[in-house]
Amino acid sequence: MAKLVFGMNQSLDGYIDHTAFAPGPALFRHFIQEVQGQAGCVYGRIMYEVMRYWDDEHPEWDADECAFAAAWRKQHKWVVSRTLKSVGPNATLVGDDLEGAIRQIKAEREGEIEVAGPALAHSLTELGLIDEYRIYLHPVVVGQGKPYFAGPRPPLRLVGSDRMGEDVIRLTYVPA
């Protein structure tokens with residue numbers, strides 16, 4: 001059975017904002033390895049639309065960006081949306097039965113499946129389906145934006161912390 005993991009970059013004040021801060025080279029290489037080893041990713045519509053950036057070639061990309069794009073394109077994606085009518089390559093649209101679909105995906109796969117998007121993670125948390133939370137804590141304060149937790153923080157137990165690159169700490173939690 002697969003393990004569902006919600007992990008995102010977060011500011012010190014609890015926000016996610018890919019325009020306010022980004023992973024450094026070491027953390028980006030970590031994310032490349034993560035994507036290469038995952039059994040897939042479940043996206044909310046907004047995060048999926050942001051990540052579609054990696055579907056296109058960009059001549060200015062360096063080797064790491066090309067490696068991330070290649071890994072992302074190979075990875076199977078499930079996109080949770082009531083408004084999208086279709087999704088891109090290597091992706092499956094998940095409609096109304098979120099709980100049933102995610103339970104089936106977890107049962108049919110082995111390894112880790114990433115959850116991307118705080119609203120989706122909130123829904124999956126309420127259903128008791130997320131097995132692990134990874135906060136990549138960056139030393140920045142953004143003051144506003146989307147919070148990592150889209151609703152009340154669930155009861156969690158810290159199971160690990162790792163230094164990632166020069167200035168990021170990964171905090172790993174499981175439901176308490």
Side-chain angles (χ1 to χ4, degrees), residues 1-10 15-19 22-23 27-58 64-136 145-154 156 159 170-175:
M1 175 173 276
K3 176 166 84 170
L4 221 54
V5 177
F6 175 49
M8 294 192 80
N9 294 304
Q10 177 186 294
Y15 297 105
I16 57 168
D17 185 346
H18 73 279
T19 63
L27 184 56
F28 192 72
R29 284 189 292 280
H30 165 77
F31 289 142
I32 294 168
Q33 292 173 345
E34 288 277 303
V35 173
Q36 288 171 336
Q38 290 169 342
C41 186
V42 181
Y43 285 97
R45 179 190 57 83
I46 294 170
M47 280 303 301
Y48 178 67
E49 289 174 342
V50 168
M51 294 300 290
R52 291 290 311 267
Y53 167 81
W54 298 103
D55 275 339
D56 300 322
E57 291 294 329
H58 296 267
D64 284 343
E65 290 167 314
C66 289
F68 183 88
W72 190 81
R73 291 174 192 151
K74 284 175 42 176
Q75 182 184 63
H76 192 83
K77 297 162 256 318
W78 296 272
V79 182
V80 178
S81 175
R82 290 184 200 93
T83 58
L84 291 176
K85 301 297 180 223
S86 64
V87 289
N90 210 16
T92 302
L93 191 58
V94 175
D96 294 328
D97 183 15
L98 176 62
E99 182 175 9
I102 300 304
R103 287 191 186 283
Q104 182 177 351
I105 291 165
K106 285 180 73 169
E108 293 175 352
R109 300 278 174 148
E110 293 291 328
E112 290 186 358
I113 297 175
E114 179 187 15
V115 173
L120 173 61
H122 175 67
S123 296
L124 295 174
T125 295
E126 286 185 327
L127 294 169
L129 293 173
I130 296 187
D131 301 295
E132 190 171 290
Y133 298 81
R134 293 180 188 155
I135 298 172
Y136 292 86
K146 288 189 176 195
Y148 179 92
F149 290 104
R153 185 183 60 80
L156 299 175
V159 294
R170 178 181 61 192
L171 302 170
T172 304
Y173 294 89
V174 296

- Message: Can you see whether Y133 engages T125 through a side-chain donor-acceptor pair at a distance of less than 3.5 angstrom?
- Response: yes
- Item | 4.5 Å side-chain heavy-atom contact, N9 and H18 | no
- Angle class for the Y136/F31 ring planes (parallel below 30°, perpendicular above 60°, tilted otherwise)? perpendicular
- Short question: side chain of N90, backbone of K74 - any donor-acceptor pair under 3.5 Å? yes
- What pairs with A69 under side-chain contact (heavy atoms from CB on, under 4.5 Å), at least two apart in sequence or on another chain? W54, W61, R73
- Message: Going by side-chain contact (heavy atoms from CB on, under 4.5 Å), name the residues that satisfy it together with E126, two or more places apart in sequence or in a different chain.
- Response: H122
- Taking all heavy atoms of M47 and all of G117, pick out the closest pair and write down the distance. CG-CA, 3.4 Å
- Message: Minimum heavy-atom separation for D55 and P89, please, with both atom names.
- Response: OD2-CD, 4.1 Å
- How many angstroms lie between CD in E114 and NZ in K77, if you round to the nearest 0.5 Å? 11.0 Å
- Query: Rounded to the nearest 0.5 Å, what separation is found between the CG atom of L84 and the CZ atom of R45?
  - Reply: 6.5 Å
- Side chains of S81 and L93: closer than 4.5 Å at any heavy-atom pair? yes
- Item | With V79, the side-chain contact (heavy atoms from CB on, under 4.5 Å) member among V94, T92, L120, V87 | V87
- Note on the structure: Here the gap from K106 atom NZ to I113 atom CD1, rounded to the nearest 0.5 Å, amounts to 8.5 Å
- Message: Would the distance check show the side chain of Y173 and the main-chain N or O of I135 forming a donor-acceptor pair, the cut-off being under 3.5 Å?
- Response: no
- Message: When you compare the side chain of M8 with that of K146, does any pair of heavy atoms fall below 4.5 Å?
- Response: no
- Task: Give the minimum heavy-atom separation between C41 and A116, together with the two atoms involved.
- Result: SG-CB, 4.0 Å
- Note on the structure: By ring pair (Phe, Tyr, Trp, His ring centres under 6.0 Å), Y148 pairs with (sequence neighbours left out) F6
- So CG of L98 and CZ of R103: to nearest 0.5 Å the spacing works out to 10.0 Å
- Item | Partner of L129 under side-chain contact (heavy atoms from CB on, under 4.5 Å), chosen from V115, V42, L4 | L4
- Here the pair of heavy atoms bringing P147 nearest to P118 is O-CB, 3.5 Å
- Could you tell me the separation between the CD atom of E57 and the SG atom of C66, rounded to the nearest 0.5 Å? 6.5 Å
- Measure up the W72 and Y43 rings against each other and bin them: parallel (under 30°), tilted (30 to 60°), perpendicular (over 60°). perpendicular
- Query: Counting only heavy atoms not in D96, do more than 12 sit closer than 6.0 Å to its CG atom?
  - Reply: no
- State, to 0.1 Å, how close D131 and A2 come at their nearest heavy-atom pair, and which atoms those are. OD2-O, 4.1 Å
- Taking all non-hydrogen atoms of both residues into account, name the closest pair between M1 and E110 and its distance. N-OE2, 2.8 Å
- Item | Heavy-atom check, side chain of L127 versus side chain of I102, under 4.5 Å | no
- Message: Rounded to the nearest 0.5 Å, what separates atom CD in E112 from atom CD in Q38?
- Response: 6.5 Å
